[in-house]
Novice: 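There's a structure below that I have some questions on.
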Amino acid sequence: MIHPTPRLRFAPSPTGSLHLGGARTAMYNWAAARALGGTFLLRIEDTDQARSTDASLQVILDGLRWLGIDWDEGPGTAGQYGPYFQMQRLELYRATADRLLASGHAYPCYCTPERLEQLREQQKAAKSSWIGYDGRCRDLTAAQRAAHEAQGLRANLRFRMPEARVIAVHDLIRGHVEVNTKELDDWVMLRPDGVPLYNFACVVDDIGMRITHVVRGEEHFLNGIKQRLLFEALDAECPVYAHIPLILNQKGGKLSKRDPGVKSVLEYRDEGFPAEAVFNYIALLGWGFAADRDVFTRDEMVAAFRIENVGKAGAKFDPEKLQWMCGEYIRRMPPAQLLDRARPWLPHVPAAAFTSHRAWLENAAASYQERVQLFGELGPKLGWLFADPVPDEAARKNLSKDPASRQWLAAWADVLAAGDLPPSWPHDRAGADDHVKLPSKKDQPEPACRFATPQRIEAECRAFVERLGVKFGSFVHPVRAALTGTDKGPGLFDVVFLLGKDACVRRLRAAAAG
RNA sequence: GUCCCGGUCGUCUAGUCCGGCCCAGGACCCCAGAUUUUCAUUCUGGUAACACGGGUUCGAAUCCCGUCCGGGAUACCA
């Protein structure tokens with residue numbers, strides 16, 4: 001037994017951003033670990049020194065944290081199977097390599113990169129059915145090795161693959177699969193400088209970290225075969241494998257972090273996508289929660305998740321459904337939460353307002369709750385609350401449609417000026433927003449409030465419009481345009497309530513004056 | 001080239017293991033209608049799929065074979 005409880009890992013290489021595909025792999029590992037009551041760990045595969053960077057490590061860590069994919073062992077934790085950076089485990093690889101060398105499972109290869117590349121090209125040019133290392137150094141005598149060493153050649157260590165042998169594996173996703181080892185060549189385990197390559201480091205660490213289940217992208221399927229043989233050579237038990245299909249880009253190819261237009265997880269964060277919506281959406285790429293439900297919580301996912309239920313076919317990423325999912329989460333959020341979480345995208349809202357006008361801002365956020373899908377969309381929509389707007393094209397049209405509308409605007413301004421609307425920002429609005437919760441809904445009882453409520457404003461407005469003898473709709477549109485500068489937004493009387501007396505009167509009169 | 005995997009509405013999927021409950025269900029998108037002071041939300045309805053061809057069977061999306069199409073692998077990357 002590898003370990004009494006399940007242990008799963010996500011093992012990214014810090015060579016680029018974390019995109020949705022990587023995030024999903026991490027999530028499936030995480031969910032499987034949580035579902036099985038096991039441990040989830042993070043291992044950093046930083047052996048590609050040419051491409052690994054601290055910046056990209058940070059991006060991966062931040063991305064996972066943002067999505068709520070937390071690890072029990074890994075960077076920043078004191079797990080007992082660390083260190084969790086491969087470059088800090090070099091002695092381990094060296095020692096294991098020596099064992100393999102001694103047992104004959106590994107051998108030094110003196111072929112230069114140039115020769116190997118040439119070899120590959122020749123094989124391709126000859127339309128060879130088989131492409132790979134030709135085994136030139138496989139059976140070098142001690143004398144030949146010594147001669148190479150004497151020339152100053154430094155050897156890679158290669159793993160000696162058994163000749164034609166059928167390996168049968170049971171993959172949690174793919175089921176029973178057989179692969180003949182003749183499809184595989186002798187692969188490099190260790191570079192001359194002692195830095196291991198993927199398959200070798202991976203196995204040494206999976207053994208050392210007592211990994212019981214390996215969930216990773218299907219591009220690793222064949223690596224799984226190579227690794228299985230290595231486990232065997234080391235007399236170690238092989239973990240259970242689950243090779244999940246890739247997420248496809250719009251063109252149907254493998255989603256790559258080098259693909260232009262593929263966003264990193266942090267870009268979604270920065271654009272104001274709710275993390276739980278992104279989490280929820282990517283969970284659905286290749287896995288079904290329930291036949292009739294797409295929105296679920298993290299806990300519900302953990303309760304329902306089984307790695308073997310992940311589909312075998314690749315899924316295309318659909319930005320529109322993600323967008324919808326975001327809106328779904330935003331609408332379900334308490335307004336206070338929406339306000340707080342959207343705050344980074346509200347630079348024009350003075351910091352003090354978050355304490356002095358908390359209830360007002362919550363009402364403002366709430367009135368846009370059904371109208372935004374991302375936190376980042378809230379900021380631009382709230383501009384009219386703080387500054388008299390410049391009417392956009394649609395607003396200008398509504399303002400100029402009926403020449404008589406100027407008189408109505410002026411007249412209504414007088415009505416409002418004489419009424420008891422709440423004060424405008426930045427005046428104190430105590431007694432207004434803390435009694436009236438927006439958005440107002442039909443058939444909602446009118447709240448007790450010492451200021452005019454949206455319901456009352458509407459009732460009085462309708463009476464006013466009736467006296468005026470114009471159609472309600474044709475009155476309302478220019479008013480909205482004057483007040484907000486657009487033809488969209490919350491119910492007009494919520495707008496009036498939020499804006500308060502001074503601002504309403506001022507803007508109506510300004511519009512009336514042209 | 002060779003090996004591996006896949007193929008249900010445009011997209012994500014349920015159903016496939018244990019054939020009949022599926023003339024295929026849900027969601028996104030799209031369209032139409034309802035509500036309405038705009039936009040949005042909400043509600044109602046609609047369009048739309050078992051890749052193709054053979055078998056097996058009383059009966060196949062489900063089992064078998066072939067074809068086609070798609071993806072992955074084939075590194076001193078991971």
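Order of the sequence lines fixes the chain letters, A, B, ..., with proteins taken first and strands second; residue numbering starts at 1 for each chain.
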Novice: Verify the contact: side-chain N or O of A/K312 to OP1 or OP2 of B/rG6, cut-off strictly under 4.0 Å; return yes or no.
Specialist: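 Yes, within the criterion.
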Novice: Quote, to the nearest angstrom, the P distance that separates B/rA61 from B/rC50.
Specialist: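 Pairwise P distance, B/rA61 against B/rC50, rounds to 11 Å.
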Novice: Counting heavy atoms from C-beta on, name the nucleotide in B/rC5, B/rC39, B/rU11 closest to the side chain of A/K316.
Specialist: B/rU11
Novice: Look through every strand shown and name the nucleotide pairing with B/rG45 as Watson-Crick or G-U wobble, where both distances are under 3.5 Å.
Specialist: B/rC31
Novice: Let's see if you can work this out: which of B/rA78, B/rC12, B/rA14 has an atom nearest to the side-chain heavy atoms of A/A291?
Specialist: B/rA14
Novice: Between A/R456 and A/E460, is there a side-chain N and carboxylate O pair less than 4.0 Å apart?
Specialist: yes
Novice: Using whole Å, what does the distance between atom C1' of nucleotide B/rA14 and atom CZ of A/F289 come to?
Specialist: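 Going from A/F289 (CZ) to B/rA14 (C1'), I get 14 Å.
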Novice: Over all strands shown, is A/T486 touching base, sugar-phosphate only, or nothing at heavy-atom distances under 4.0 angstrom?
Specialist: nothing
Novice: Within 45° of the six-membered ring axis of A/F472 and under 6.0 Å from that ring's centre, is NZ or CZ of A/R462 located there?
Specialist: yes
Novice: Whole Å only: how far is the CG atom of A/L285 from the C1' atom of B/rA27?
Specialist: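 Rounding to the nearest Å, CG of A/L285 and C1' of B/rA27 are 13 Å apart.
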Novice: Which nucleotide in the list B/rC77, B/rC4, B/rG6 gets nearest to the side chain of A/R191?
Specialist: B/rC77
Novice: In whole Å, I'd like the distance from the CG atom of A/D494 to the P atom of B/rU38.
Specialist: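 Taking CG of A/D494 and P of B/rU38, I get 14 Å after rounding.
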Novice: Have a look at A/G311 and say if it touches a base, only the backbone sugar-phosphate, or nothing, with a 4.0 Å heavy-atom cut-off.
Specialist: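 Nothing: the residue A/G311, judged by heavy atoms under 4.0 Å, touches no strand.
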Novice: Does the pair A/E276/A/R332 count as a salt bridge with the N-to-O cut at 4.0 Å?
Specialist: no
Novice: Under 4.0 Å: is that the gap between some side-chain N or O of A/R331 and OP1 or OP2 of B/rU42?
Specialist: yes
Novice: Whole Å only: how far is the CG atom of A/D292 from the P atom of B/rG15?
Specialist: 12 Å
Novice: Any chance the side chains of A/T486 and A/D392 put a donor and an acceptor closer than 3.5 Å?
Specialist: no
Novice: Give me the distance, rounded to whole Å, that separates B/rC4 from B/rA48 when you measure between the C1' atoms they each carry.
Specialist: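 Pairwise C1' distance, B/rC4 against B/rA48, rounds to 33 Å.
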Novice: Rounding to an integer number of Å, can you tell me how far A/Y198 OH sits from B/rC76 P?
Specialist: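 Rounded to the whole Å, the gap is 16 Å.
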Novice: Identify which one of A/F231, A/Y198, A/Y93 satisfies the side chain to side chain contact (heavy atoms under 4.5 Å, CB included) criterion when paired with A/V203.
Specialist: A/F231
Novice: For A/G286 and A/K441, take the nucleotide of RNA chain B holding the closest heavy atom to each; which residue's nucleotide lies nearer the 5' end?
Specialist: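 Its nucleotide being nearer the 5' end, the pick is A/G286.
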Novice: Would you compute the distance between atom SG of A/C109 and atom CG of A/L190 and round it to the nearest 0.5 angstrom?
Specialist: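 With rounding to 0.5 Å, SG (A/C109) is 12.5 Å from CG (A/L190).
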Novice: For A/C202, answer base if it contacts any base atom (sugar-phosphate contacts may also be present), sugar-phosphate if it contacts only those atoms, and nothing otherwise; contact means non-hydrogen atoms under 4.0 Å.
Specialist: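 The residue A/C202 makes no contact with any strand.
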Novice: 5'-most contact on RNA chain B: A/G314 or A/R154, nearest heavy atom basis?
Specialist: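 Counting from the 5' end, the first nearest nucleotide belongs to A/G314.
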Novice: Under the 6.0 Å and 45° cation-pi test, does A/R136 pair with A/Y110?
Specialist: no
Novice: By salt bridge (Lys or Arg N to Asp or Glu O under 4.0 Å), which residues pair with A/R154, not counting sequence neighbours?
Specialist: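 None.
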Novice: Using purine N1 to pyrimidine N3 plus N6-O4 or O6-N4 for Watson-Crick, or N1-O2 and O6-N3 for G-U wobble, each under 3.5 Å, what pairs with B/rA61?
Specialist: none
Novice: Between B/rG55 and B/rG19, how far apart are the C1' atoms? Round to whole Å, please.
Specialist: 15 Å
Novice: Within the structure, does a side-chain N or O atom of A/T15 lie under 4.0 Å from either OP1 or OP2 of B/rC77?
Specialist: no
Novice: Rounding to an integer number of Å, can you tell me how far A/D48 CG sits from B/rC77 C1'?
Specialist: 5 Å
Novice: What about A/N156: does its side chain form a donor-acceptor pair under 3.5 Å with the base of B/rC76?
Specialist: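 For A/N156, whose side chain was compared with the base of B/rC76, there is a donor-acceptor pair (under 3.5 Å).
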Novice: Sticking with atom C1', work out how far B/rG6 lies from B/rA27, rounded to a whole angstrom.
Specialist: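 Their C1' atoms lie roughly 23 Å apart.
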Novice: Identify all side-chain donor-acceptor contacts of residues 175-182 of chain A below 3.5 Å with residues at least two apart in sequence or on another chain.
Specialist:
residue: A/H176; atom: NE2; partner: A/E178; partner atom: OE2; Å: 3.2
residue: A/N180; atom: OD1; partner: A/R165; partner atom: N; Å: 3.4
residue: A/N180; atom: OD1; partner: A/K182; partner atom: N; Å: 2.9
residue: A/T181; atom: OG1; partner: A/P162; partner atom: O; Å: 3.0
residue: A/T181; atom: OG1; partner: A/R165; partner atom: N; Å: 2.8
residue: A/T181; atom: OG1; partner: A/R165; partner atom: O; Å: 3.3

Novice: In whole Å, measure the gap between the C1' atoms of B/rC28 and B/rC23 for me.
Specialist: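 Going atom to atom, C1' in each nucleotide, I get 25 Å.
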Novice: Rounded to whole angstrom units, what separation is found between the CG atom of A/L172 and the C1' atom of B/rC5?
Specialist: 16 Å
Novice: Extract all donor-acceptor atom pairs below 3.5 Å that involve side chains of residues 303-319 of chain A and protein atoms in other chains or at least two apart in sequence.
Specialist:
residue: A/R306; atom: NH1; partner: A/E308; partner atom: OE2; Å: 3.1
residue: A/D318; atom: OD1; partner: A/E320; partner atom: N; Å: 3.0

Novice: Identify the pairs formed between an N or O of the protein and an N or O of nucleotides 33-37 of chain B at a distance under 3.5 Å, and give each distance.
Specialist:
residue: B/rU37; atom: OP1; partner: A/R462; partner atom: NH2; Å: 2.7
residue: B/rU37; atom: O2; partner: A/R480; partner atom: NH2; Å: 3.2
residue: B/rU37; atom: N3; partner: A/L492; partner atom: N; Å: 3.2

Novice: My understanding is that a pair needs two contacts under 3.5 Å, Watson-Crick or G-U wobble. By that rule, which nucleotide pairs with B/rC3?
Specialist: B/rG72
Novice: Roughly how far apart, to the nearest Å, are B/rU13 and B/rC22 at atom C1'?
Specialist: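 One C1' to the other, the span is 16 Å.
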Novice: Taking CE from A/M333 and P from B/rU41, how many angstroms apart are they, rounded to a whole number?
Specialist: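 These atoms are roughly 17 Å apart.
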Novice: A cation-pi test, strictly: NZ or CZ of A/K321 under 6.0 Å from the centre of the six-membered ring of A/Y281 and no more than 45 degrees from its axis. Yes or no?
Specialist: no
Novice: Provide the distance between the two C1' atoms, one in B/rU62 and one in B/rC18, to the nearest whole Å.
Specialist: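 Here B/rU62 and B/rC18 have their C1' atoms 11 Å from each other.
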Novice: Considering residues at least two apart in sequence or located in another chain, which fulfil the side-chain hydrogen bond (donor to acceptor under 3.5 Å, both in side chains) criterion with A/D206?
Specialist: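 Result, side-chain hydrogen bond (donor to acceptor under 3.5 Å, both in side chains) vs A/D206: A/R9, A/R43.
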Novice: C1' atom, B/rG53 versus B/rG15: distance in rounded Å?
Specialist: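 Looking at atom C1' only, B/rG53 and B/rG15 are 24 Å apart.
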Novice: Could you run through nucleotides 70-75 of chain B and give me one letter per nucleotide, 5' to 3': B if any protein heavy atom sits under 4.0 Å from the base, S if only the sugar-phosphate is that close, - if neither?
Specialist: -SSSSS
